[in-house]
Amino acid sequence: MKLDRMIGILSILLQREKVTAPYLAEKFEVSRRTINRDIEALCMAGIPLVTEQGKNGGISIMENYKIDKTLLSMSDMQAILAGLRSLDSVSGTNRYARLMEKLSVGASNLLSGDSHILIDLSAWHKESLSPKIELLHSAILSAKTVRFSYFAPKGESLRIIEPYHLIFQWSSWYVWGWCTERQDFRLFKLNRMTSLQIEASFEKRPVPLPDLSPKQIFPDVYQVKAKIQPQYQWRLIEEYGPESFTQQPDGSLLFSSGFTDKTSIVCWIASFGDGAELLEPVQFRKDILEFAEGICRKY
């Protein structure tokens with residue numbers, strides 16, 4: 001694509017004093033005429049390029065414009081490439097790897113040896129997740145609605161949305177869009193979506209950004225206090241942080257945090273087996289007992 005090629009040319013010129021048109025033509029596998037047109041387009045865009053003829057000639061950025069060559073430092077480029085690698089972990093097309101190669105032309109050490117940050121956004125569901133991300137991304141770019149089945153705690157439903165944003169949050173992927181059933185913007189978790197189909201075109205509407213603050217998505221409805229056995233300290237640190245508990249004289253851990261609903265409280269306490277005791281809210285102790293008795297009856 002012309003835009004990708006021009007980004008690649010600009011990246012080379014920012015990192016090298018001078019290059020020739022034949023060099024650029026070979027790197028991007030196009031004709032010298034195409035490179036010349038790209039150079040003209042970059043000049044029209046406000047990049048002051050100079051073309052010199054002769055033995056030591058070539059294409060360069062004007063001398064008095066050198067201050068802008070520091071726009072992307074080595075660390076900046078590494079940060080960009082780390083981000084592109086993370087996107088490629090959920091892409092089924094390797095498009096970001098190809099863009100990465102274009103951006104790193106003339107600085108190949110960015111790809112080998114300097115990759116200290118590795119980010120994988122694919123989670124546990126890469127095989128099913130990547131096609132969903134590609135389909136939704138395509139629908140967002142083309143302004144097409146998407147129909148899908150959605151599985152939530154309240155049951156299965158058929159939804160049609162106008163998709164606007166793909167979001168990675170809380171270790172999962174979501175799509176933010178206008179739900180035709182609810183007549184409002186909603187956040188849908190990709191792992192709960194099945195049978196996705198692109199449908200009709202839609203006219204884009206003003207889109208508010210979602211409030212993804214934990215207090216908005218997971219409001220503290222109930223304050224929980226629980227006595228946790230010390231062998232589960234690692235879980236408390238991992239899930240809620242070291243400030244969520246205090247160590248007691250008998251070695252046990254007094255845990256305190258907010259929860260959104262009763263079901264989450266019961267299931268979380270039960271997941272410790274006999275290693276946790278709910279202290280507050282007192283009224284939910286009976287629910288945990290009934291939960292345990294139900295498991296005993298089944299087994």
**Asked** Phe255 and ring pair (Phe, Tyr, Trp, His ring centres under 6.0 Å): which partner among Phe245, Tyr232, Trp268?
**Response** Trp268
So how far is it from [X] [atom1] to [Y] [atom2], rounded to the nearest 0.5 Å?
X      : Y      : atom1 : atom2 : result
Gln229 : Glu277 : CD    : CD    : 9.5 Å
Ile9   : Lys27  : CD1   : NZ    : 13.0 Å
Ser244 : Glu238 : OG    : CD    : 11.5 Å
Ser252 : Gln233 : OG    : CD    : 11.5 Å
Leu10  : Leu49  : CG    : CG    : 8.0 Å
Ser157 : Arg192 : OG    : CZ    : 11.0 Å

Membership question, hydrophobic clusters at under 4.5 Å side-chain separation (ILVMFWY): are [Y] and [X] in the same one?
X      : Y      : result
Tyr240 : Val266 : yes
Leu187 : Phe218 : yes
Leu196 : Leu158 : no
Ile160 : Leu136 : no

**Prompt:** Parallel under 30°, tilted from 30 to 60°, perpendicular over 60°: which one fits the rings of Phe185 and Trp176?
**Reply:** parallel
**Prompt:** Run the side-chain contact (heavy atoms from CB on, under 4.5 Å) check on Phe272 and Ile228 step by step: do they pass?
**Reply:** CA-CA 8 Å; Phe272 289 91; Ile228 310 294; 4.1 Å; yes
**Asked** Considering all heavy atoms of both residues, which atom of Pro163 and which atom of Lys144 are nearest to each other, and what is their separation?
**Response** CD-O, 3.3 Å
**Request:** Might you point out which heavy atoms bring Ile269 and Ala226 nearest each other, and give the distance in Å?
**Result:** CD1-CB, 3.9 Å
**Asked** Can Tyr222 and Glu280 be said to form a side-chain contact (heavy atoms from CB on, under 4.5 Å), step by step?
**Response** CA-CA 9 Å; Tyr222 301 102; Glu280 297 178 10; over 6 Å; no
May I ask you to decide whether [X] forms a salt bridge with [Y], counting only side-chain N to carboxylate O separations under 4.0 Å?
X      : Y      : value
Lys227 : Asp250 : yes
Glu162 : Arg205 : yes
Arg186 : Glu181 : no

**Asked** Is any side-chain heavy atom of Ile167 closer than 4.5 Å to a side-chain heavy atom of Pro210?
**Response** yes
**Asked** Does the pair Thr51 and Gln53 meet the rule for a side chain to side chain donor-acceptor pair (under 3.5 Å), with working shown?
**Response** CA-CA 7 Å; Thr51 301; Gln53 304 297 328; over 6 Å; no
**Residues clustering with Leu279 (ILVMFWY side chains joined when closer than 4.5 Å, directly or via others)** = Leu254
**Message:** Are Tyr150 and Phe188, when compared by the centres of their aromatic rings, separated by less than 6.0 Å?
**Reply:** yes
**Prompt:** How about Phe284 and Phe259: are their ring centroids closer than 6.0 Å?
**Reply:** no
**Asked** Considering residues, nucleotides and ligands other than Asp211, do more than 12 of their heavy atoms fall under 6.0 Å from its CG?
**Response** yes
**Prompt:** For Glu199, does the CD atom sit with more than 12 other heavy atoms under 6.0 Å from it, leaving out its own atoms?
**Reply:** yes
**Message:** Is there a side chain to side chain donor-acceptor pair (under 3.5 Å) between Ser195 and Arg147? Walk through the geometry before answering.
**Reply:** CA-CA 8 Å; Ser195 306; Arg147 175 191 296 267; over 6 Å; no
**Asked** Does any N or O in the side chain of Lys18 come within less than 3.5 Å of the main-chain N or O of Asn56, such that one atom is a donor and the other an acceptor?
**Response** yes
